[in-house]
Amino acid sequence: MKADRAGSGGPRRAVGAACGIVAAFAGLAVAELVAAAVRPEASPVTAVGAVVVDLTPQAVREWAIAVFGAADKTVLTIGVVAVLAAVAAGAGLLAVRSLPVGVAVAGGFGLLGAAAALSRPEAGWQDALPSLAGGLAAAGALALLVTAATRPRPDRAPPGGAWTMDRRGFGRLVVGVLAVSSAAGIAGRRLGARGSAGATASRASLVLPPPTVPAPPVPAGANLRVPGLSPFITPAKDFYRVDTALVVPRVDADTWRLRIHGEGVPRPLTLGLRELLARSLVEHDITLCCVSNEVGGPYAGNARWLGVRLADLLREAGVRPPSGGGPADQLVARSVDGMTLGTPVETVMDGRAALLAVGMNGEPLPFAHGFPVRMVVPGLYGYVSACKWLTELRLTTFAAYDAYWVRRDWAQQAPVKTQSRIDTPRPYAAVRPGRVAVAGVAWAQHRGIRRVEVRVDGGPWQEARLGAADGVDTWRQWVWPWEATAGPHTLEVRATDGTGAVQTGVRAATVPDGATGWHAVEVHVRAPG
């Protein structure tokens with residue numbers, strides 16, 4: 001049996017850092033196991049990540065969405081774990097100098113995780129348990145590992161103050177801790193999968209009733225079928241997702257309930273999914289877009305939604321819009337994860353196809369897009385209208401309550417701005433000279449698109465050919481044949497909405513109520529030959 005000897009503290013520090021990281025792994029594994037029994041959102045990594053999202057400055061959040069897109073939550077989770085690993089290594093370093101201090105730091109992070117979990121809108125006292133259990137496990141593992149690492153070999157006294165360690169015995173202990181931790185982590189995953197099995201089964205068994213009012217077929221010519229152009233109907237798997245949920249809620253449709261109550265609601269309603277599906281269902285093609293979408297960005301999609309008219313439910317509860325004497329001007333939607341979105345009552349009840357959607361493109365909503373029920377309101381940005389995993393609708397006023405994003409400097413009310421985008425050719429593409437199809441999509445929900453124009457290198461605007469319109473609530477495809485000549489060129493696009501208003505070319509950022517400006521694409525046309 002060999003001993004590790006060193007007169008310096010280098011090996012001792014390395015072993016201390018390793019002890020801290022292994023202990024943190026043990027703590028996380030135990031926390032995930034307990035979170036599986038409580039709820040996934042109570043996991044310390046998820047809870048701390050959610051707090052980080054809340055505290056992140058808006059400019060940084062928008063940068064992350066722009067750079068990482070749908071992977072922003074994965075990047076955030078990796079970042080939280082990386083910071084935890086660094087702190088754990090530091091706790092291990094402290095522990096080899098002063099075991100009580102290092103153990104206190106390890107346990108303290110369990111308390112921080114518990115505080116983060118309890119700060120979430122839908123948290124109960126039990127949400128603190130995963131972090132507390134994880135903190136205790138990490139502190140205990142750290143104490144065990146550091147004690148073993150710093151105990152001199154019984155058959156050899158430390159010569160001249162040098163450090164000696166039973167490497168083989170310590171290695172066996174590390175392997176043992178990792179094995180037990182891995183077993184706990186695997187058990188947590190299996191328990192979590194079992195916990196979501198009911199939700200998965202409820203979605204798999206759900207048969208959506210046929211719509212009472214089906215949507216007409218997509219008009220012939222709405223889909224121009226130009227290579228590189230976004231399809232007219234966006235498949236669910238390709239539909240953008242922007243939200244704050246680090247863990248996608250998996251709601252059991254059999255136990256789901258929706259409560260409608262609040263100011264000016266004389267007949268509050270509580271509905272289950274079966275009761276909702278028993279009502280008249282309508283289909284409607286609606287384009288959704290995110291307020292975080294930069295000019296030319298990807299966060300827009302068009303789908304066929306199936307649901308119940310929200311205005312009908314509100315009238316059933318006795319709600320009157322402000323124009324009809326109702327006292328509430330804001331409808332606050334709450335998700336199962338505590339997210340709140342505020343929608344103008346007047347807009348919801350003005351006759352547009354504002355839906356409590358249960359289906360998307362002929363199938364039950366995917367979990368990532370709000371199963372079992374979400375809101376869809378044409379003409380408004382998603383952050384004030386498209387609440388996913390819906391569980392509550394409360395009537396109040398804009399003066400009395402600020403929803404989640406409004407508290408973070410976004411506008412209270414946010415009608416969609418006219419936007420147009422070049423899908424093909426792609427930015428910095430190398431294209432052949434001659435006729436090139438410049439194509440894309442334009443949208444101005446609930447106003448419609450009347451015209452799209454394209455220009456090259458700041459020249460005169462040229463009118464593009466529009467795909468057939470599928471109502472005023474969807475985007476329209478467009479294409480313009482360009483006789484491309486050799487050299488670098490800049491293509492720009494602008495749209496005119498159904499009221500005759502031309503899309504502004506003034507550039508504005510997404511905050512507080514959506515980006516503006518013309519989308520421009522630079523391309524290079526190769527020389528002939």
Side-chain angles (χ1 to χ4, degrees), residues 213 215 234 239-243 258 260 262 276 279 281-293 299-317 319 321-323 326 328-335 339-360 365 369-370 372-396 398 401 403-406 410-419 443-448 470-475 497-498 513-514:
V213 184
T234 309
F239 208 94
Y240 78 92
R241 179 194 163 206
V242 177
D243 54 53
L258 171 67
I260 301 175
L276 193 66
R279 284 164 164 74
L281 298 179
V282 300
E283 265 186 337
H284 204 71
D285 295 342
I286 300 172
T287 295
L288 298 184
C289 57
C290 180
V291 73
S292 296
N293 201 40
Y299 302 130
N302 186 49
R304 175 158 291 189
W305 306 94
L306 173 71
V308 175
R309 289 188 180 276
L310 179 52
D312 291 347
L313 279 178
L314 295 181
R315 291 190 184 97
E316 184 178 334
V319 175
S323 61
D329 61 3
Q330 179 178 203
L331 179 66
V332 177
R334 182 179 293 272
S335 167
M339 171 59 66
T340 56
L341 283 70
T343 309
V345 175
E346 195 70 51
T347 300
V348 168
M349 302 185 75
D350 70 359
R352 72 186 66 200
L355 303 178
L356 293 188
V358 296
M360 180 182 186
L365 293 171
H369 293 292
V373 179
R374 68 171 294 167
M375 276 178 60
V376 175
V377 182
L380 300 179
Y381 283 116
Y383 84 100
V384 296
S385 69
C387 186
K388 295 184 282 193
W389 315 294
L390 183 66
T391 190
E392 179 188 12
L393 292 170
R394 181 170 64 89
L395 278 295
T396 182
F398 283 107
Y401 183 81
Y404 180 91
W405 290 112
V406 175
W410 293 90
Q412 279 188 333
Q413 303 185 37
V416 168
K417 298 180 179 180
T418 303
Q419 289 288 315
W443 61 89
Q445 292 94 307
H446 213 59
R447 301 187 303 279
D470 184 20
V472 297
D473 291 334
T474 69
W475 60 17
D497 72 14
D513 59 0

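Just so it is clear, the values below take in all heavy atoms, side chains as well, and ignore hydrogens, waters and symmetry mates. Here the structure is a predicted model, which means the values were calculated and not measured.
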- [ ] Sequence neighbours left out, what passes ring-ring contact (aromatic ring centres under 6.0 Å, His included) with H446? Give chain and number order.
- [x]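 Here no residue qualifies.
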
Open item on the list: Considering only residues two or more places apart or on different chains, which pairs with a residue in residues 307-317 satisfy side-chain hydrogen bond (donor to acceptor under 3.5 Å, both in side chains)?
Closed with: R279-E316

Just so I know, are the side chains of [X] and [Y] near enough to count as touching, which here means a heavy-atom distance under 4.5 Å?
X    : Y    : answer
M375 : L393 : yes
L314 : L395 : yes
V308 : V373 : no
Y240 : L288 : yes
D243 : W389 : yes

Within the distance-only criterion (no hydrogens, no angle test), does the side chain of [X] pair as donor or acceptor with the backbone N or O of [Y] below 3.5 angstrom?
X    : Y    : answer
W443 : T287 : no
Q412 : F398 : yes
D285 : G471 : no
T340 : R334 : no
Y383 : A411 : yes
Y381 : K417 : yes
Q330 : Y401 : yes
S335 : L390 : no
R304 : E283 : no
R447 : V416 : yes

Roughly how far apart are [X] [atom1] and [Y] [atom2], rounded to 0.5 Å?
X    : Y    : atom1 : atom2 : answer
L306 : L281 : CG    : CG    : 5.0 Å
C290 : R241 : SG    : CZ    : 12.0 Å
E392 : L258 : CD    : CG    : 8.5 Å
D329 : S323 : CG    : OG    : 11.5 Å
L310 : T347 : CG    : OG1   : 11.5 Å
L331 : R394 : CG    : CZ    : 10.0 Å

Might you point out which heavy atoms bring [X] and [Y] nearest each other, and give the distance in Å?
X    : Y    : answer
A328 : P322 : O-CG, 3.5 Å
A444 : T418 : CB-OG1, 3.6 Å
T343 : S385 : OG1-CA, 3.6 Å
A317 : I260 : CB-CG2, 4.4 Å
A354 : V377 : CB-CG2, 4.0 Å
W305 : I286 : NE1-O, 3.2 Å

TODO: For L313 and L276, run side-chain contact (heavy atoms from CB on, under 4.5 Å): C-alpha distance rounded to whole Å, both residues' side-chain angles, the deciding distance at 0.1 Å, then the answer.
DONE: CA-CA 10 Å; L313 279 178; L276 193 66; 3.8 Å; yes

Open item on the list: Please evaluate residues M349 and V319 with respect to the criterion side-chain contact (heavy atoms from CB on, under 4.5 Å), reporting the C-alpha separation (whole Å), side-chain torsions for both, the decisive distance (0.1 Å), and the verdict.
Closed with: CA-CA 10 Å; M349 302 185 75; V319 175; 4.0 Å; yes

